[in-house]
Amino acid sequence: MIDVLDNLGRVITVANGKGGVGKSTTACNLAGLAAAAGWRVLLIDFDPQGNAGHILGYRWAGESDEGQHLVDVLMHSEPLTPLLRDVRPNLDVVPGGEALDSLEDLLAGHLKRGKAVDDLFARALSQVADSYDLVFIDTPPTRPLLLRLALAATRWIIVPTRPGRTSIEGLRALAHGMVAVRDSNPRLELLGALLYDVDTSAHVIRKNAIDDITSALGGVAPVFECVIRHAIAPVCESEEKGLLLYEVAERVESAEPYWVALKEGRRPERVSGSAPALADDFVLLTDEVLRTIDAREKALEVSA
């Protein structure tokens with residue numbers, strides 16, 4: 001398994017044991033912005049709900065296989081292939097969807113018969129991962145075995161969470177999943193927790209949420225400096241029209257393309273409005289994620 005993990009050093013999974021905390025929105029917008037800025041990116045949707053297909057538009061266009069390819073890869077040892085090429089420039093996708101609903105039971109059956117499952121996805125992904133600079137995985141909240149497969153192939157985890165006790169409980173469920181794959185994937189590491197859907201003026205709520213996150217994840221929980229503000233309208237427009245948030249924002253007259261600022265390492269020059277402001281948050285988050293990965297990798301090289 002160690003030789004497989006050598007090819008998975010840039011696999012980033014967005015996960016939380018609770019739904020409705022912005023996993024799909026975060027995964028899609030990070031992947032889309034990184035691709036727009038020039039990285040070669042693969043997005044894998046491991047969620048039976050297939051929300052990534054709505055955000056990126058391919059599900060509205062009838063181009064999703066609803067996750068059947070992932071089922072065939074894991075159950076019949078087919079090679080993993082990015083079915084959708086250039087969903088955005090530099091961005092390929094392996095779709096999720098309702099076919100994945102049956103996969104949890106199939107995997108459970110394998111486990112009951114004493115068959116190992118943790119490395120199934122990791123081995124398939126390792127065959128294509130080195131063709132990309134970054135691989136993002138969107139995960140379901142209520143399919144523990146699907147989450148386990150994703151974590152076994154993951155180098156870095158990003159954990160979006162809303163303030164509040166129910167969201168924090170989801171972090172504890174995720175922590176159990178991380179422990180379950182530790183033997184098969186000792187390189188799995190938390191990149192950072194992300195405060196999602198937070199009022200920009202709610203400083204006390206932010207502080208309390210950070211304390212809760214740290215406690216839920218065992219006191220080893222780096223929290224991203226960037227937070228994602230509360231803004232319902234642009235998120236709804238994104239999902240309904242198949243647009244990433246920066247694409248929604250760029251519809252505003254005189255808006256500078258977001259990838260320009262991300263490539264140049266600065267804050268975009270924005271006009272006012274909830275869509276541009278929310279898109280700004282994701283540009284800053286993408287920059288922080290990429291810088292954090294780079295810093296962690298350099299630190300590991302020094303210590304090696």
Side-chain angles (χ1 to χ4, degrees), residues 1 4-5 8 11-21 23-24 26-27 42-53 64-81 83 93-129 135-161 166-167 169-190 216-217:
M1 183 68 174
V4 171
L5 296 176
L8 302 177
V11 178
I12 305 154
T13 290
V14 182
N16 188 321
K18 184 181 185 306
V21 295
K23 291 188 299 297
S24 295
T26 299
L42 174 64
L43 174 67
I44 300 172
D45 184 4
F46 242 117
D47 193 341
Q49 293 184 10
N51 289 334
S64 175
D65 75 335
E66 297 298 325
Q68 186 59 50
H69 176 58
L70 277 172
V71 175
D72 293 339
V73 167
L74 295 169
M75 293 294 100
H76 306 299
S77 301
E78 291 191 6
L80 182 66
T81 301
L83 294 186
V93 176
V94 178
E98 60 187 19
L100 295 172
D101 270 326
S102 64
L103 188 54
E104 186 86 0
D105 291 337
L106 293 172
L107 292 169
H110 273 45
L111 286 173
K112 287 179 181 178
R113 294 190 294 273
K115 294 183 178 179
V117 300
D118 282 357
D119 68 342
L120 289 177
F121 179 60
R123 292 190 181 281
L125 180 57
S126 70
Q127 301 301 311
V128 300
V135 178
F136 288 92
I137 303 175
D138 185 22
T139 58
T142 58
R143 300 290 193 279
L145 290 180
L146 294 185
L147 176 60
R148 183 167 159 180
L149 288 184
L151 293 180
T154 297
R155 179 65 182 91
W156 306 108
I157 308 174
I158 294 173
V159 185
T161 182
T166 57
S167 293
E169 287 304 314
L171 298 184
R172 292 194 172 93
L174 172 61
H176 291 312
M178 294 170 65
V179 171
V181 301
R182 184 64 66 186
D183 287 342
S184 59
N185 184 8
R187 298 177 186 176
L188 179 67
E189 190 172 345
L190 178 66
L217 294 178

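Note: hydrogens, waters and symmetry copies are ignored here, and every other heavy atom, side chains too, is used.
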Practice prompt. Looking only at non-hydrogen atoms, find the nearest pair between G50 and D45 and report the distance.
Written response: CA-OD2, 3.3 Å
Item to complete: For N51 and Q49, test the side chains for any donor-to-acceptor distance below 3.5 angstrom and give the result as yes or no.
Response: yes
Worksheet entry | Contact check, side chains of R143 and P48, non-hydrogen atoms, under 4.5 Å | yes
Practice prompt. With the side chain counted from C-beta on, respond yes when L125 and I44 share a heavy-atom pair under 4.5 Å apart, and no when they do not.
Written response: yes
Discussion item. Could you report the tightest heavy-atom contact between V73 and A124, atom names first, then the distance?
Written reply: CG1-CB, 3.6 Å
Discussion item. Could you check whether any side-chain heavy atom of P160 comes within less than 4.5 Å of a side-chain heavy atom of V14, counting everything from C-beta outward?
Written reply: yes
Practice prompt. Any chance you could measure L103, atom CG, to L120, atom CG, to the nearest 0.5 Å?
Written response: 9.0 Å
Discussion item. Using 0.5 Å steps for rounding, measure from the CG atom of L145 to the CD atom of E104.
Written reply: 4.0 Å
Worksheet item: Would you say the side-chain atoms of R155 pair up with the backbone N or O of R187, donor to acceptor, closer than 3.5 Å?
Response: yes
Discussion item. Is there a side-chain contact between L80 and H69 in this structure, where contact means two heavy atoms from C-beta onward sitting under 4.5 Å apart?
Written reply: yes
Item to complete: Output the distance between atom OG1 (T13) and atom CG (L147), rounded to the nearest 0.5 Å.
Response: 8.0 Å
Worksheet, complete the sentence: Closest heavy-atom pair, A129 versus L8, reported as atoms and distance to 0.1 Å, is CB-CD2, 3.9 Å
Worksheet entry | Minimal non-hydrogen separation, A150 against F121, with atom names | CA-CD2, 4.2 Å
Worksheet, complete the sentence: Taking every heavy atom of A99 against every heavy atom of S102, the minimum-distance pair comes out as O-OG, 3.1 Å
Discussion item. On a heavy-atom basis, which atom in L100 and which in G67 lie closest, and how many Å separate them?
Written reply: CD2-O, 3.8 Å
Worksheet entry | CA sep, side-chain torsions, deciding dist, call: V181, L188, side-chain contact (heavy atoms from CB on, under 4.5 Å) | CA-CA 8 Å; V181 301; L188 179 67; 3.7 Å; yes
Practice prompt. Nearest 0.5 Å please: distance from the CG atom of L151 over to the CZ atom of R182.
Written response: 9.5 Å
Practice prompt. Side-chain contact test, heavy atoms from C-beta onward, threshold under 4.5 Å: evaluate it for L5 versus P186 and give yes or no.
Written response: yes
Fill in: T81 side chain to L83 backbone, donor-acceptor under 3.5 Å
no
Worksheet item: In Å, rounded to the nearest 0.5 Å, how long is the span from CG of L43 to CZ of F136?
Response: 8.5 Å
Discussion item. Do I157 and M178 have side chains that approach each other closer than 4.5 Å (heavy atoms only, starting at C-beta)?
Written reply: yes
Worksheet item: Is a donor on one side and an acceptor on the other found under 3.5 Å between the side chain of N185 and the backbone of T154?
Response: yes
Discussion item. Quick check for you: to the nearest 0.5 Å, what is the distance between M75 atom CE and L70 atom CG?
Written reply: 11.0 Å
